[in-house]
Amino acid sequence: MASGKNDELLFDHNHDAVDRRGFLKCMAWAGTGALCVVQGGVLKSFSLSDAQSRHAKGDLSFVQISDSHMGFNKAANPDVAGTLQAAVAKINALTDPAEFILHTGDITHLSKPVEFDQVQQILRSAKPKEIFFVPGEHDVLEDDGQQYRERFGKNTKGSGWYSFDKKGVHFVALVNVMNLKAGGMGLLGTDQLAWLEDDVRHLSNSTPIVVFAHMPLWNIYPEWGWGTDDSAQALSYLKRFGSVTVLNGHIHQTMQKVEGNITFHTAASTAFPQPQPGKADSAGPMKVPAEQLRSLLGVSDVNYMRGKRALAVIDSTLQ
Amino acid sequence: MKRKLILATGLLLAIVVVLAGLYRTLKRRPVQASAVEIKIDNFNFAPATLVVRKGTQITWTNRDDIPHTVVEDDKTFKSKVLDTDEKFTFTANRTGTYRYYCSIHPKMTGKVVVE
């Protein structure tokens, strides 16, 4: 789906397979920030500074944070606790308070109990008290995610997937970091796909859907494993809905794509940046001058306005 | 003079051909050492394919800032999570081809052939 060698990603926009209202491809690289929003059925994009001025109070506001990698201590960021605290301060300072937080995985770096403890302790100081998690591959090392589920996955299905409703919006938390196959990317698996199909079956087409998972559910850069092998199957169950927003982390930079009724959004990490697809030898942590670091880390503020077709996502940096 | 030049060029070509042949032969032959190292660097196993003799001790070292694992496809060998500079050792006591990958970053794959 994505081209390998080019500077830009090319996407196969198959208009016949998706809603004909149109599409907009907009990508925001780390630190720039962008907002894509539907107005009167037409998709528009704004730069972050524009977006903030247009950011009206919505019916539901929440924030997404991702990839806190507690325990990471290398040159790319020797103080991941400090930057997570900065992210919490950012959330607490929002003029339009967030009702809850989504954490899209890689909570810890090495799945150690002390790392989980530290994240939980820092997040206790966040104003929103409700926090929803999905695991990243770094949270399920060694024990197939048992510790993760004991802490964050009570009452979830399978390896930790679940759904819930908030003010008429249906949220679906997916796990795509388990049982990864040699040579492959993220994986949902047949059990989870069957559950997803059943989970959304009873919903009307007008129900806004938010799906969140750790690894991207669109093929951003397969060469680095930045995608999910069976995501197309999952998305096929969501095509009939008027508004679908897909949130993920994993790639430590913001990126956005709108295709038909589905808006894909990838959040920045609160810990360290990673290079743009193909712009480095590997996807490893990107070392930047200390004074630049916080401009490449961030949180995403998500706003749902009843009657609007897409959720507005505003990325802001920790600076 | 011209003849000398032709002779020298010919000799040089012959040496190159012999060396290339030798290199190919050597490359195909199993590594003779009793212990060898595979480096994990920039999300790659290097060398990605390694041919060794039975009984060779193979050690993987993670040189990345990110943890990796070494997992044989059929779980013949499976490392714990290797953080930066941590090592995993496997002694190849049975002949065969062992394909392995990093279970955290499954795009990373490698192969050990034990002869």
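Just so you know, these numbers come straight off a predicted model, no measurement behind them. Lettering follows sequence order; numbering is per chain, from 1.
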Fill in: Engaged part of A:His138 at the chain B interface, taking heavy atoms whose separation is under 4.5 Å
side chain

Worksheet entry | Proximity breakdown for B:Thr109 and chain A, heavy-atom pairs closer than 4.5 Å | side chain

Worksheet item: After noting the C-alpha distance and the side-chain angles of A:Phe272 and A:His69, does the key distance pass the ring pair (Phe, Tyr, Trp, His ring centres under 6.0 Å) rule?
Response: CA-CA 8 Å; A:Phe272 56 85; A:His69 279 265; 4.9 Å; yes

Worksheet item: Side chain, backbone, both or neither: which part of A:Lys181 has an atom under 4.5 Å from a heavy atom of chain B?
Response: backbone

Worksheet item: Going by the angle between their ring planes, with limits at 30° and 60°, are A:Tyr148 and A:Phe152 parallel, tilted or perpendicular?
Response: tilted

Worksheet item: Quick one: does B:Leu50's side chain get under 4.5 Å of B:Ile38's, heavy atoms only?
Response: yes

Worksheet item: With distance as the sole test, does A:Gln192 use its side chain to make a donor-acceptor pair with the main-chain N or O of A:Val175 at under 3.5 Å?
Response: yes

Worksheet item: For the side-chain contact (heavy atoms from CB on, under 4.5 Å) test, which of A:Val246, A:Ile220, A:Leu247 pairs with A:Phe264?
Response: A:Val246

Practice prompt. Say whether B:Thr61 and B:Glu37, considering side chains only, have a donor N or O and an acceptor N or O under 3.5 Å apart.
Written response: yes

Worksheet item: Would B:Tyr100 and B:Phe45 satisfy ring pair (Phe, Tyr, Trp, His ring centres under 6.0 Å), going step by step from the backbone distance to the final call?
Response: CA-CA 10 Å; B:Tyr100 63 91; B:Phe45 295 107; 4.7 Å; yes

Item to complete: Indicate, with yes or no, if the rings of B:Trp60 and B:Phe77 have centres closer together than 6.0 Å.
Response: yes

Discussion item. Would the distance check show the side chain of B:Asn42 and the main-chain N or O of B:Asn44 forming a donor-acceptor pair, the cut-off being under 3.5 Å?
Written reply: no

Discussion item. Is A:Leu180 in contact with chain B via its backbone, its side chain, both, or neither, using a 4.5 Å heavy-atom distance?
Written reply: both

Item to complete: Considering only heavy atoms and a distance below 4.5 Å, find which of A:Gly225, A:Gly136, A:Ala76, A:Ala182 pairs most often with chain B.
Response: A:Ala182

Discussion item. Could you check whether any side-chain N or O of A:Asp139 sits under 3.5 Å from a backbone N or O of A:Ile107, counting only pairs where one atom can act as donor and the other as acceptor?
Written reply: yes

Worksheet item: What parts of residues 79-87 of chain B touch chain A if we use heavy atoms and a cut-off under 4.5 Å?
Response: B:Lys80, B:Val81, B:Asp83, B:Thr84

Practice prompt. Write out, in numerical order, the residues from residues 62-71 of chain B with a heavy atom short of 4.5 Å from a heavy atom in chain A.
Written response: B:Asp65, B:Ile66, B:Pro67

Worksheet entry | Whether A:Ser269 side chain and A:Ala271 backbone form a donor-acceptor pair below 3.5 Å | yes

Fill in: Close side-chain approach of B:Phe43 to B:Cys102, heavy-atom, < 4.5 Å
no

